[in-house]
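Here the structure is laid out as structure tokens; the discussion comes afterwards.
Computed from heavy atoms alone, side chains included, the values below leave out hydrogens, waters and symmetry copies.
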Amino acid sequence: MAANADPRPGRAASEQDAELAAIFAQTAAGLAQVELSGRFTLVNDRFCEMVGRSREELLQITMQSITHPDHLAENVPLFEAAVRDGTPYRIEKRYVRPDGSIIWVDNSVSVIRKSDGSPFGVLAASIDITRNKTVEDALRASELRLRLAMDAGRMAVWEYDVRAGRILHSSDLNRLLGFIETREVAYDEFRARIDPEDLQRLSATAVASLKSGEPHFQAEVRYRLSRGDVRWLLISAEFQLSSGGGVDRVIGVALDITDRKRDEEHQQLLLHELNHRVKNTLAVVQALAHQSFAGGRDIARRKAFEGRLVALAAAHNLLTRESWEPASMIEVIRSAAAACDPNKQRLQLDGPDIRVPPKMAVTLALAIHELCTNAVKYGALSNDSGRVTISWSVADRRLRLVWMESGGPRVTAPRRRGFGSMMLERALASELVGSVRLEFAASGLCCTIDAPVAKDWFIGS
């Protein structure tokens, strides 16, 4: 490697060469000198380590032979221009190691000249940037996956700069909301397209979240496109606070949920239609019962039967309101006992407001109605002082519900089991795949319901 004359007097050329050689060998960068043809003439240990080859091997080959083929079209013209015109250049490229692996390098390349100014070689300083490239590739892949997910999910990201009063958004948001992708859209124009009632609710939700110290909020809003179509959007966002506690910006996503909302509306319509048909069927059954139990001796049976139909209809009403999703235990009990305890003073409920699946809700409603009817006729609800406590708990994957009467007339065990008792102890126990036990204590009837609980049966409210 040639060197210019040392400006300091008294320095021998050999000392200069030794000093430069030491610098060349010890630098952290990979250094390589090549002839004008590209053949290696000098390399340091770091360069050998980077490209995975020995010094002897490198001195027999060219720079072009270890450069990844994809970079030759860019690299060779730059090299030739440097040799021809003396123009230094910088390039990011890959070297191929003998085992087929690659290393990314940031190459700074300059021409080495003789004392007469003519070029005789080229020096390249290489910095390993493989890790940076790996991170960049992972980031690009992540961005691509996010882009595909957002496109598939009809989602867009947005950011509202509170201080500037402007919304920063990508073309995704424009496309989602029906604007030309390249157009700059003012924040007020976005707001003007949101249904006024929904905008007010969105603002109230945001303010309430901020006051409670919860940075995240979300709401569903209707949004009108320029052509008049109404779309449903799920707005989910988070406040970014300044050091002083004020809101600097709001960052969020807008998700098009129009198809889901339409499906929900259609499902609700079908549920109402189903409920209407069930009620019609129950009305027909009630009419048939009225005709079948027309005699004087059958009036009591008819009323009891009609009461059970009413309880069944009430349970269906509750489930329709809940879209046949798990229903509140408290609501199931209150609905079934409404006729027997209109002022909600005679029944005391004690238990967590768990949610039970539709089938169990109907079964429990019939059980509570049967017990209420018996209490009104013979038990604690037949006078003005009686009370009923209904307690329940879930433990070890089992539901335990206890109906306990007190303050009513003295109870004696019946000589024979009536239809109501048989329905509780046999039919309902079978429906629950559990047990129903009736105890006719003198102080009041006690009914214990024990049933297994599936994983998806109970959801904490």
Side-chain angles (χ1 to χ4, degrees), residues 289 293 296-315 318 327-354 356 360-394 398-432 434-451:
F293 301 120
R297 293 177 56 191
D298 294 328
I299 293 178
R301 291 183 180 179
R302 188 192 74 204
K303 288 183 177 180
F305 184 74
E306 289 177 347
R308 294 177 186 119
L309 290 179
V310 169
L312 187 60
L318 174 61
S328 159
M329 171 75 90
I330 291 177
E331 284 199 49
V332 170
I333 295 174
R334 289 292 186 197
S335 177
C340 302
D341 185 30
N343 297 322
K344 300 180 181 179
Q345 295 178 349
R346 307 288 295 277
L347 268 65
Q348 179 182 343
L349 309 188
D350 181 17
D353 192 13
I354 55 179
V356 296
M360 194 172 198
V362 172
T363 304
L364 288 175
L366 288 173
I368 296 299
H369 171 78
E370 201 66 37
L371 290 166
C372 279
T373 301
N374 182 76
V376 168
K377 293 171 64 176
Y378 312 111
L381 301 182
S382 65
N383 60 20
D384 295 331
S385 59
R387 294 288 185 273
V388 176
T389 299
I390 306 175
S391 59
W392 64 91
S393 61
V394 178
R398 298 195 72 83
L399 166 70
R400 187 171 187 272
L401 184 146
V402 179
W403 167 287
M404 178 68 72
E405 298 184 21
S406 62
R410 181 180 178 81
V411 175
T412 57
R415 295 179 180 178
R416 65 181 184 85
R417 290 288 202 242
F419 178 79
S421 298
M422 288 189 293
M423 186 180 76
L424 285 169
E425 293 179 313
R426 298 178 186 176
L428 295 184
S430 176
E431 280 291 308
L432 295 172
S435 64
V436 177
R437 187 174 72 255
L438 296 175
E439 298 177 37
F440 294 91
S443 58
L445 173 68
C446 178
C447 175
T448 303
I449 298 175
D450 182 272

Exercise: identify the closest heavy-atom pair between Ala365 and Val332:
N-CG1, 4.1 Å
Qualifying residues under salt bridge (Lys or Arg N to Asp or Glu O under 4.0 Å), relative to Asp350, sequence neighbours excluded:
none
Does Ile330 form a side chain to side chain contact (heavy atoms under 4.5 Å, CB included) with Trp392? I'd like the steps, not just the answer.
CA-CA 10 Å; Ile330 291 177; Trp392 64 91; 4.0 Å; yes
Arg387: what forms a side chain to side chain contact (heavy atoms under 4.5 Å, CB included) with it, not counting sequence neighbours?
Arg346, Ser406
Nearest non-hydrogen partners of Cys372 and Ala337, listed with the distance:
SG-CB, 3.5 Å
Taken in chain and number order and not counting sequence neighbours, the residues that satisfy salt bridge (Lys or Arg N to Asp or Glu O under 4.0 Å) with Arg400 are none
Pick out which of Val388, Leu445, Val376 makes a side chain to side chain contact (heavy atoms under 4.5 Å, CB included) with Leu371.
Leu445
Can you list everything that forms a side-chain hydrogen bond (donor to acceptor under 3.5 Å, both in side chains) with Gln348? Sequence neighbours excluded, please.
none
To the nearest 0.5 Å, what is the distance between OG on Ser435 and CD1 on Ile449?
9.0 Å
Gap between atom OG1 of Thr448 and atom CE of Met404 - 0.5 Å precision
7.0 Å
At their closest point, which heavy atom of Gly407 faces which heavy atom of Asn383, and how far apart are they?
O-ND2, 3.1 Å
For the side chain of Glu439 and the backbone of Cys446, is there at least one donor-acceptor N/O pair under 3.5 Å apart?
no
Approximate separation, where rounding is to 0.5 Å, of Ile390 CD1 and Arg334 CZ:
8.0 Å
So which atom in Val436 and which in Cys447 form the shortest heavy-atom distance, rounded to 0.1 Å?
CG1-SG, 3.8 Å
Could you pull out all residues at least two apart from Val411 that satisfy side chain to side chain contact (heavy atoms under 4.5 Å, CB included)?
Phe440
In Å and rounded to the nearest 0.5 Å, what is the CE to CG distance from Met329 to Leu364?
5.5 Å
